Amino acid sequence: MHSSAFNFLEITGKTDGIISVGSDTQAVVTAGHGFITVNNCQGSCVAVTEVSGVTVASVAQADAQLTVTVAPGVYLVNVDGNVSKVAVK
């Protein structure tokens, strides 16, 4: 069983705010004003969901970078089972 790592990141500016996703992957989640980007996720299963459970984006085999335009709110970003929680303003 693979354990998930939970992280919280609050974004108050237009950009900045980088958080690693788990210790066994090199994927990096970046949240900015109106977007979430996942870098270094080549071939990974990536899902972005609202905390209510609504899936905003889901990719079975992502390219090296995935950017999703989102409304302000809190989102869960799951990269191969490693979950980060981000707040986009």
Side-chain angles (χ1 to χ4, degrees):
M1 180 175 219
H2 187 80
S3 64
S4 296
F6 287 92
N7 301 301
F8 181 74
L9 174 65
E10 183 174 333
I11 304 303
T12 56
K14 286 189 169 186
T15 60
D16 302 322
I18 300 172
I19 193 162
S20 292
V21 181
S23 59
D24 60 345
T25 181
Q26 294 181 3
V28 177
V29 176
T30 305
H33 186 77
F35 68 89
I36 298 169
T37 299
V38 182
N39 287 301
N40 301 327
C41 57
Q42 182 82 29
S44 296
C45 179
V46 179
V48 177
T49 59
E50 297 175 350
V51 292
S52 66
V54 175
T55 300
V56 177
S58 181
V59 178
Q61 289 191 338
D63 292 330
Q65 181 182 46
L66 173 68
T67 300
V68 180
T69 302
V70 294
V74 177
Y75 297 88
L76 301 174
V77 182
N78 185 325
V79 181
D80 290 334
N82 294 300
V83 180
S84 290
K85 187 179 194 181
V86 295
V88 177
K89 290 190 176 188

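Since the structure is predicted, the reported quantities are computational estimates derived from the model, not experimental observations.
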### Task
Applying side-chain hydrogen bond (donor to acceptor under 3.5 Å, both in side chains), name anything that partners Thr67, two or more places apart in sequence or on another chain.
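Scan of Thr67 (side-chain hydrogen bond (donor to acceptor under 3.5 Å, both in side chains), adjacent residues dropped) gives Thr37.
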### Task
State which residues pass side-chain hydrogen bond (donor to acceptor under 3.5 Å, both in side chains) with Thr69; sequence neighbours excluded, sorted by chain then number.
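Residues passing side-chain hydrogen bond (donor to acceptor under 3.5 Å, both in side chains) with Thr69: none at all.
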### Query
Does the side chain of Ile36 reach to within under 4.5 Å of the side chain of Thr30, using non-hydrogen atoms?
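The answer is no, as the side chains (C-beta and beyond) never meet within the 4.5 Å cut-off.
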### Query
Would you say the side chain of His33 lies within less than 4.5 Å of the side chain of Val88, judging by non-hydrogen atoms?
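Counting from C-beta outward, Val88 and His33 never come under 4.5 Å.
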### Query
Can you pull the side-chain hydrogen bond (donor to acceptor under 3.5 Å, both in side chains) pairs that have at least one residue in residues 56-66, sequence neighbours excluded?
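As it turns out, the side-chain hydrogen bond (donor to acceptor under 3.5 Å, both in side chains) pairs with a partner in residues 56-66, which skip direct neighbours, are Asn39-Gln65.
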#### Entry: Distance-minimising heavy-atom pair for Ala64 and Gln42
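Heavy-atom minimum between the residues: N-OE1, 3.1 Å.
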Measure the [atom1]-[atom2] distance between [X] and [Y] for me, rounded to the nearest 0.5 Å.
| X | Y | atom1 | atom2 | value |
| --- | --- | --- | --- | --- |
| Tyr75 | Thr49 | OH | OG1 | 10.0 Å |
| Cys45 | Asn78 | SG | CG | 7.0 Å |
| Asn82 | Cys41 | CG | SG | 12.5 Å |

### Task
Give the intermediate values and the outcome of side chain to side chain contact (heavy atoms under 4.5 Å, CB included) for residues Glu50 and Val74.
CA-CA 6 Å; Glu50 297 175 350; Val74 177; over 6 Å; no
### Task
Begin with the C-alpha distance, continue with both residues' side-chain angles, and end with the deciding distance and a verdict on side chain to side chain contact (heavy atoms under 4.5 Å, CB included) for Val38 and Val28.
CA-CA 6 Å; Val38 182; Val28 177; over 6 Å; no
### Given Val59, Val54, Val56, the one that forms side-chain contact (heavy atoms from CB on, under 4.5 Å) with Val48
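That would be Val56.
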